[in-house]
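To start, the structure under review is shown below, and the notes come after it.
Residue numbers count from 1 along this sequence.
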Amino acid sequence: MQVKTVKEFFVKIKSIKHWEIYLALVLVAVVLLTVFISGDFSSKKNIKTADDNSYISQMEHKIVSVVERIEGCGKATVAISYDSDEEKVYAYETETITSGDTVKQTSNIVYVKGEPLVIKTLTPNILGVVIVAEGADNPVIKMKITEAVITLLGVDSSKVQVFTYKS
């Protein structure tokens, strides 16, 4: 009895004009809903830009300042992509309490004047750098810009792209 019902269902579906389009729209809606619910829009890491990171923003400004002073180079803009924010490493004090056979250790962050004591700041992992500069159509200037960025950021040349500034 169920087989007949399924066959009737498919006959009704096929009788609808352009049923393939409706089916495709439903499938697209299901896929989009699944993507939005899962919250994973790509398999790559979340790439950030300098708007929310002072270190990256400072480096972009420094690179612009240096690049614009290279002979033969004019106006320049820089964008750095990265995958993590600055990380701060805090000082901890460890207290060991021995009571009979029991040893208990506790670690607490050290505070100085109400602020946690930072012993080291880890810089973000830079994924790539794009520089758009006047004069970059000259291969020598392009090479000088690339070398300056490699030196300032300590990144591989494959992470640096230099383009000519659109007038």
Side-chain angles (χ1 to χ4, degrees), residues 2-3 5-6 9 22-70 73 75-133 136 141-165:
Q2 259 186 339
V3 174
T5 311
V6 171
F9 175 74
Y22 293 121
L23 179 62
L25 288 174
V26 168
L27 289 174
V28 167
V30 168
V31 168
L32 287 175
L33 185 63
T34 304
V35 168
F36 283 115
I37 288 174
S38 71
D40 186 18
F41 299 103
S42 72
S43 61
K44 293 184 176 183
K45 295 177 182 176
N46 290 334
I47 298 174
K48 300 176 184 242
T49 56
D51 295 339
D52 59 350
N53 190 294
S54 63
Y55 169 79
I56 295 294
S57 182
Q58 288 173 357
M59 292 310 297
E60 285 179 347
H61 292 297
K62 182 182 276 189
I63 291 169
V64 167
S65 176
V66 168
V67 167
E68 288 181 343
R69 286 176 175 74
I70 293 174
C73 187
K75 185 176 178 181
T77 57
V78 175
I80 299 174
S81 65
Y82 59 100
D83 67 355
S84 63
D85 290 327
E86 286 181 334
E87 291 183 43
K88 297 187 185 301
V89 179
Y90 298 103
Y92 286 89
E93 79 181 339
T94 304
E95 183 180 350
T96 305
I97 301 170
T98 307
S99 175
D101 292 338
T102 307
V103 177
K104 182 179 177 185
Q105 281 191 328
T106 58
S107 293
N108 297 312
I109 295 178
V110 175
Y111 287 88
V112 176
K113 296 182 182 176
E115 296 291 321
L117 179 61
V118 178
I119 57 173
K120 183 169 37 173
T121 301
L122 304 173
T123 58
N125 180 33
I126 295 174
L127 301 174
V129 183
V130 174
I131 301 98
V132 181
I141 302 300
K142 189 174 190 173
M143 182 191 71
K144 287 181 180 181
I145 293 169
T146 303
E147 291 299 317
V149 172
I150 290 169
T151 302
L152 287 170
L153 296 177
V155 296
D156 189 65
S157 63
S158 64
K159 292 184 176 186
V160 180
Q161 294 294 317
V162 180
F163 300 99
T164 303
Y165 202 93

*Take Val118 and Tyr90, measure what side chain to side chain contact (heavy atoms under 4.5 Å, CB included) needs, and give me the verdict at the end.*
CA-CA 4 Å; Val118 178; Tyr90 298 103; 3.6 Å; yes

Kindly list each side-chain donor-acceptor pair under 3.5 angstrom involving residues 143-160, sequence neighbours excluded, with atom names and distances?
{"from": "Thr146", "atom 1": "OG1", "to": "Lys142", "atom 2": "O", "distance (Å)": "2.9"}
{"from": "Thr151", "atom 1": "OG1", "to": "Glu147", "atom 2": "O", "distance (Å)": "2.9"}
{"from": "Asp156", "atom 1": "OD2", "to": "Ser158", "atom 2": "N", "distance (Å)": "3.2"}
{"from": "Asp156", "atom 1": "OD2", "to": "Ser158", "atom 2": "OG", "distance (Å)": "2.6"}
{"from": "Lys159", "atom 1": "NZ", "to": "Ile126", "atom 2": "O", "distance (Å)": "3.0"}

When rounded to the nearest 0.5 angstrom, what distance separates [atom1] in [X] from [atom2] in [Y]?
{"X": "Leu122", "Y": "Lys88", "atom1": "CG", "atom2": "NZ", "value": "10.0 Å"}
{"X": "Ser81", "Y": "Leu127", "atom1": "OG", "atom2": "CG", "value": "4.5 Å"}
{"X": "Ile56", "Y": "Thr123", "atom1": "CD1", "atom2": "OG1", "value": "7.5 Å"}

Of the non-hydrogen atoms in [X] and [Y], which two are nearest, and what is the gap between them?
{"X": "Tyr92", "Y": "Ile109", "value": "CE2-CG1, 3.4 Å"}
{"X": "Glu60", "Y": "Ile80", "value": "OE2-N, 2.8 Å"}
{"X": "Val132", "Y": "Thr164", "value": "CG1-O, 3.8 Å"}
{"X": "Ile119", "Y": "Ala91", "value": "CG2-CB, 3.6 Å"}

*Partners meeting side chain to side chain contact (heavy atoms under 4.5 Å, CB included) with Thr98 (sequence neighbours left out)*: Thr96, Val103

*Between the main-chain N or O of Ala76 and the side-chain N or O of Glu68, is there a donor-acceptor pair closer than 3.5 Å?*
yes

*Check: Glu86 side chain, Thr121 main-chain N or O, donor-acceptor pair, under 3.5 Å*: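 No, the answer is negative, given that no donor and acceptor are paired below the 3.5 Å cut-off.
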
*Would you say the side chain of Tyr82 lies within less than 4.5 Å of the side chain of Asn125, judging by non-hydrogen atoms?*
no

